[in-house]
Asker: 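Before I ask anything, let me first share the structure, which is written out below as structure tokens.
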Amino acid sequence: KQNVVREFKFSILEDAGKYSANTEGVQILPAGVVDCAIIEDDGITVIDFKTDRVTDASLDAVAQKYSSQVKTYADALCRIYKKPVKSASLYFFALNRFVDVI
């Protein structure tokens with residue numbers, strides 16, 4: 001069974017220590033909008049669409065810039081749906097290319 005969700009808004013209480021050293025025990029509320037997630041029986045696939053004007057030369061740096069965002073989305077969906085994340089990717093329209101983050 002497969003369920004595709006688009007523009008999925010979330011907020012989830014999280015320990016800040018997951019994101020920043022010396023902040024364990026401090027609660028934060030990450031929030032965002034997941035562009036696309038495919039929820040299947042065996043796990044979740046997360047896709048975040050990017051319209052940046054990237055080139056082959058800048059792709060790695062731009063993907064790195066967004067990687068923590070997509071990982072946060074993946075962690076949130078994992079907790080919300082109680083399923084593992086199979087993969088998480090950025091899709092860059094300018095190059096018609098996926099970049100795997102997880």
Side-chain angles (χ1 to χ4, degrees):
K1 182 181 162 196
Q2 178 179 324
N3 179 27
V4 177
V5 293
R6 296 281 320 245
E7 301 296 321
F8 180 81
K9 295 178 185 171
F10 74 91
S11 60
I12 193 161
L13 197 60
E14 186 78 81
D15 188 308
K18 187 172 186 174
Y19 302 99
S20 180
N22 302 320
T23 58
E24 285 186 29
V26 175
Q27 296 293 298
I28 60 172
L29 190 65
V33 179
V34 179
D35 289 338
C36 182
I38 303 165
I39 316 298
E40 298 175 287
D41 291 338
D42 64 339
I44 303 167
T45 300
V46 180
I47 303 168
D48 196 51
F49 301 111
K50 297 299 179 193
T51 58
D52 300 51
R53 294 185 183 275
V54 295
T55 63
D56 287 329
S58 67
L59 181 62
D60 288 342
V62 176
Q64 181 63 35
K65 177 177 88 170
Y66 289 118
S67 67
S68 64
Q69 173 191 5
V70 177
K71 288 176 183 176
T72 299
Y73 291 174
D75 288 345
L77 290 173
C78 179
R79 288 182 53 201
I80 291 165
Y81 286 98
K82 302 202 181 330
K83 294 179 181 281
V85 172
K86 297 193 300 185
S87 68
S89 303
L90 296 160
Y91 178 78
F92 290 94
F93 286 101
L95 295 175
N96 189 29
R97 190 177 308 164
F98 284 95
V99 175
D100 292 335
V101 174
I102 296 175

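For this chain, numbers begin at 1 and follow the sequence in order. Worth saying up front: this structure is predicted, and the values here are computed from it rather than measured. We use all heavy atoms of the structure for the numbers below, so side chains are in, but hydrogens, waters and symmetry mates are not.
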Asker: Where is the tightest heavy-atom contact between Cys36 and Phe49, given as atom of each residue plus distance?
Answerer: CB-CE1, 3.9 Å
Asker: For Arg79, enumerate each residue passing the side-chain contact (heavy atoms from CB on, under 4.5 Å) test, keeping only those at least two apart in sequence or located in another chain.
Answerer: Ile12, Glu14
Asker: If you measure from CG on Asp52 to CZ on Phe93, what distance do you get to the nearest 0.5 Å?
Answerer: 11.0 Å
Asker: Kindly indicate, with the supporting measurements, whether the criterion side chain to side chain contact (heavy atoms under 4.5 Å, CB included) is fulfilled by Leu90 and Val70.
Answerer: CA-CA 8 Å; Leu90 296 160; Val70 177; 3.3 Å; yes
Asker: Show me the side-chain donor-acceptor pairs of residues 94-102 shorter than 3.5 Å, one per line, residues at least two apart or across chains.
Answerer:
| from | atom 1 | to | atom 2 | distance (Å) |
| --- | --- | --- | --- | --- |
| Asn96 | OD1 | Tyr91 | OH | 2.3 |
| Arg97 | NH1 | Asp56 | OD1 | 3.3 |
| Arg97 | NH2 | Asp56 | OD1 | 2.7 |
| Asp100 | OD1 | Ser89 | OG | 2.8 |

Asker: Same hydrophobic cluster for Val46 and Val4, using side-chain heavy-atom links shorter than 4.5 Å among ILVMFWY?
Answerer: no
Asker: Gln69: which residues meet the side-chain contact (heavy atoms from CB on, under 4.5 Å) condition with it, sequence neighbours left out?
Answerer: Asp48, Lys50, Tyr66, Tyr73
Asker: Suppose we screen for salt bridge (charged side-chain N to carboxylate O under 4.0 Å, His left out). Which residues come up paired with Lys86, at least two apart in sequence or across chains?
Answerer: Glu40, Asp42
Asker: Going hydrophobic residue to hydrophobic residue with side-chain gaps under 4.5 angstrom, can you get from Ile47 over to Val5?
Answerer: no
Asker: Drop me the distance from Asp60's CG to Ser67's OG, to the nearest 0.5 angstrom.
Answerer: 11.0 Å
Asker: Got a sec, which pairs hit side chain to side chain donor-acceptor pair (under 3.5 Å) with one end in residues 22-32, sequence neighbours left out?
Answerer: none
Asker: State whether the side chain of Asp15 and the backbone N or O of Gly17 hold a donor-acceptor pair below 3.5 Å, judged by distance alone.
Answerer: yes
Asker: Would you give the length of the straight line joining atom OH of Tyr81 to atom CD1 of Ile39, rounded to the nearest 0.5 angstrom?
Answerer: 5.0 Å
Asker: Just wondering, do Leu77 and Phe10 contact through their side chains at under 4.5 Å, heavy atoms?
Answerer: no
Asker: Would you name the heavy atoms of Cys78 and Pro84 that are closest together and state the gap between them?
Answerer: SG-CA, 4.3 Å
Asker: Closest approach of Ala37 and Ile44, non-hydrogen atoms and distance?
Answerer: CB-CG2, 4.4 Å
Asker: Who are the side-chain contact (heavy atoms from CB on, under 4.5 Å) partners of Thr55, not counting sequence neighbours?
Answerer: Ala57, Ser58
